[in-house]
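Comments concern the structure below.
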2 protein chains.
Amino acid sequence: MTQKKKVGRPRSFDVDAALVAATHVFWEKGYDGASMKDLTEAMGINSPSLYSVFGDKKSLYIKAIERYLANDSCAPMDAFESEDNIEKAVRAFMEAVLEYATQQPEGLRGCFMANCVSTTVGTVGGTKELLQEAILSADERLAARFDVEKEKGHLPENFPSKERARLMFDLRQGLVLRARAGISRESMEADLDIRVCLILQTVAS
Amino acid sequence: MTQKKKVGRPRSFDVDAALVAATHVFWEKGYDGASMKDLTEAMGINSPSLYSVFGDKKSLYIKAIERYLANDSCAPMDAFESEDNIEKAVRAFMEAVLEYATQQPEGLRGCFMANCVSTTVGTVGGTKELLQEAILSADERLAARFDVEKEKGHLPENFPSKERARLMFDLRQGLVLRARAGISRESMEADLDIRVCLILQTVAS
DNA sequence: CACATTTAATAACGACTATTACATAACTGC
DNA sequence: GCAGTTATGTAATAGTCGTTATTAAATGTG
């Protein structure tokens with residue numbers, strides 16, 4: 001299926017690596033801000049190669065997003081799923097969000113999906129669907145972990161997994177925006193403890 | 001102070017109205033996506049007039065943001081401050097966010113500050129500061145209302161106004177992103193009641 | 001070796017980019 | 001009405017935009 005055809009001149013660059021390079025350009029400069037020159041230079045190829053392999057700019061953009069969603073692991077999500085204790089897991093998630101948002105290398109535009117892709121849902125067809133898919137997928141992964149904890153008895157039976165998952169994820173967007181505005185990590189750190197409690201607590205129904 | 005100088009040919013357009021028009025272009029197309037042609041056409045003026053009054057593109061962008069922050073009232077904030085009952089006020093805030101985020105006219109890129117301006121903090125000098133100012137100002141306005149309720153005795157003495165204000169504002173960003181991804185208003189509406197409770201409740205310290 | 005096939009590199013395409021010279025028009029003060 | 005001042009409209013600048021036609025290079029197969 002994925003075996004290379006033997007005929008013709010072999011490709012001299014790694015398609016996936018080029019796609020990663022393109023993703024970083026879009027991430028750094030945004031869709032409109034990224035020129036084909038920026039892209040070809042970062043990808044290390046000439047424009048005809050780009051067009052023959054990835055299609056036009058919009059098509060390359062879509063492929064870059066799809067590749068990002070399929071392969072790039074989300075640090076906060078990983079932290080949340082790998083920590084045993086649920087309270088520590090929620091805390092680790094928030095910490096990872098802060099780390100991710102404030103220690104962002106150089107000029108990357110915050111979160112690729114939230115800060116870059118979200119701006120093109122009105123102009124580049126297909127991005128809206130990909131963004132929605134990413135959000136709903138994150139909701140589900142977070143809720144799944146809560147469900148597991150409920151089965152283990154670490155969370156009460158009536159714990160609203162899905163609703164708290166969405167709560168957690170929405171809080172994330174606020175932190176990402178604040179980081180983008182240059183608000184210090186320390187000031188955001190100060191709210192984490194209370195937010196962890198809010199997320200995990202069970203109110204009398 | 002602000003009186004018009006009498007010498008020379010009088011200006012034939014309203015500077016403020018032109019700035020509003022420019023804001024909408026940036027809001028719709030983003031900073032990079034907005035061309036000077038887009039701007040001059042929407043503003044109803046020729047480029048030399050634009051350059052003489054507003055400076056270059058970046059300068060116009062900054063002025064548009066400043067004007068927006070100074071003059072455009074935020075519907076959710078207004079709803080929050082005008083509603084008497086604090087619980088209804090929080091609810092009204094969230095409802096207004098949903099209304100604002102999902103009923104956004106045509107192609108506006110979500111929230112002007114959160115979805116448009118936030119993307120240029122790395123490339124257009126001054127935008128980061130303005131974005132931060134806007135966020136901190138929102139935090140303060142929300143917290144101020146909570147403080148008033150505490151004085152009235154409608155909220156307990158130990159109610160953490162500032163922290164809940166930030167919580168409220170951060171939740172807003174999540175809703176705005178979801179709306180941008182095309183997630184239905186109804187599904188977001190379903191979480192509002194519980195979130196209002198979370199924001200207003202007082203946990204045992 | 002020549003052939004078919006695929007990719008690479010050069011260079012160009014017209015359209016559009018942000019910005020500005022220049023000449024003209026409209027006003028105030030004399 | 002004339003000088004001084006400011007704004008407007010036309011048109012141009014040099015450069016970059018996304019995209020592609022064309023030619024050369026590199027491979028497997030006959």
Side-chain angles (χ1 to χ4, degrees), chain A residues 1-19 21-26 28-65 116 119-120 123-127, chain B residues 2-19 21-23 25-26 28-65 116 119-120 123-127:
Chain A
M1 186 66 103
T2 46
Q3 71 182 0
K4 294 176 183 175
K5 295 167 188 172
K6 299 172 181 179
V7 216
R9 179 173 176 171
R11 187 168 288 125
S12 63
F13 64 95
D14 182 4
V15 172
D16 193 62
L19 206 44
T23 307
H24 278 100
V25 174
F26 284 127
E28 190 174 335
K29 309 201 169 191
Y31 178 78
D32 287 313
S35 71
M36 295 305 287
K37 192 188 173 196
D38 293 331
L39 291 164
T40 53
E41 282 179 357
M43 298 164 85
I45 60 178
N46 297 107
S47 39
S49 299
L50 192 157
Y51 277 87
S52 75
V53 174
F54 302 106
D56 64 5
K57 191 183 179 185
K58 290 192 178 185
S59 180
L60 169 65
Y61 183 57
I62 295 289
K63 288 182 171 66
I65 300 172
C116 175
T119 64
T120 59
T123 51
V124 184
T127 54
Chain B
T2 45
Q3 72 181 358
K4 294 177 184 178
K5 294 166 187 171
K6 299 173 182 178
V7 217
R9 179 173 176 171
R11 186 166 289 126
S12 63
F13 65 96
D14 182 3
V15 172
D16 192 63
L19 206 44
T23 307
V25 174
F26 284 127
E28 190 173 335
K29 309 202 168 191
Y31 177 77
D32 287 312
S35 71
M36 295 305 287
K37 192 187 173 196
D38 292 332
L39 290 164
T40 53
E41 282 179 356
M43 298 164 84
I45 61 178
N46 296 107
S47 37
S49 298
L50 191 159
Y51 278 87
S52 76
V53 174
F54 302 105
D56 64 4
K57 192 183 177 184
K58 290 192 178 186
S59 181
L60 170 65
Y61 183 57
I62 295 290
K63 288 183 172 65
I65 299 172
C116 174
T119 65
T120 59
T123 50
V124 184
T127 53

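In what follows, every chain begins at residue 1, and chains take the letters A, B, ... in the order their sequences are listed. Everything quoted here is computed from the prediction, not taken from an experiment.
The nucleotide whose nearest atom lies closest to any side-chain atom of B:Phe13 is, among D:dT8, C:dT10, D:dT27, D:dT8. For B:Pro10, counting side-chain heavy atoms from C-beta on, the closest listed nucleotide (D:dG9, D:dT19, C:dA26) is C:dA26.
Listed by first then second residue, pairs satisfying side chain to side chain donor-acceptor pair (under 3.5 Å) with a partner in residues 53-62 of chain A read A:Ser59-A:Lys63, A:Tyr61-A:Thr120, not counting sequence neighbours. Sorted by first then second residue, the side chain to side chain donor-acceptor pair (under 3.5 Å) pairs that include residues 39-54 of chain B, not counting sequence neighbours, number zero.
Residues passing the side-chain contact (heavy atoms from CB on, under 4.5 Å) test with B:Ser35 are B:Lys37, B:Asp38, sequence neighbours excluded. Under the rule for a salt bridge (Lys or Arg N to Asp or Glu O under 4.0 Å), B:Asp14 has no partner lying at least two apart in sequence or in another chain. Every residue was checked against the side-chain contact (heavy atoms from CB on, under 4.5 Å) condition with A:Arg9, not counting sequence neighbours, and none meets it.
C:dC16 atom C1' lies 12 Å from atom NZ of B:Lys57, rounded to whole Å. Here C:dA8 presents its P atom at 7 Å from CZ of A:Arg11, a figure rounded to the nearest Å. Per the geometry, CG belonging to B:Asn46 stands 13 Å off C1' belonging to C:dT24, to the nearest Å. A:Met43 has its CE atom 15 Å from the P atom of C:dT7, to the nearest Å. Atom C1' of nucleotide C:dT17 and atom NZ of B:Lys29 are separated by 14 Å, given to the nearest angstrom. Atom CE in B:Met36 sits about 17 Å away from atom P in C:dC16, given to the nearest Å.
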Output one line per pair: protein atom, nucleotide atom from nucleotides 20-24 of chain D, and distance, for all N/O pairs under 3.5 Å.
residue: D:dT20; atom: O4; partner: A:Ser47; partner atom: OG; Å: 3.2

Dump the pairs, protein N or O against N or O of nucleotides 28-30 of chain C, anything under 3.5 Å, distances to one decimal.
residue: C:dT28; atom: O4'; partner: B:Lys6; partner atom: O; Å: 3.1

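Atoms CG and OG1, from A:Leu60 and A:Thr23 in turn, are 7.5 Å apart once rounded to the nearest 0.5 Å.
Considering only heavy atoms from C-beta on, B:Phe26 stays 4.5 Å or farther from B:Ile65 through its side chain. Put simply, the side chain of B:Tyr31 does not reach to within 4.5 Å of the side chain of B:Thr127, judged on heavy atoms.
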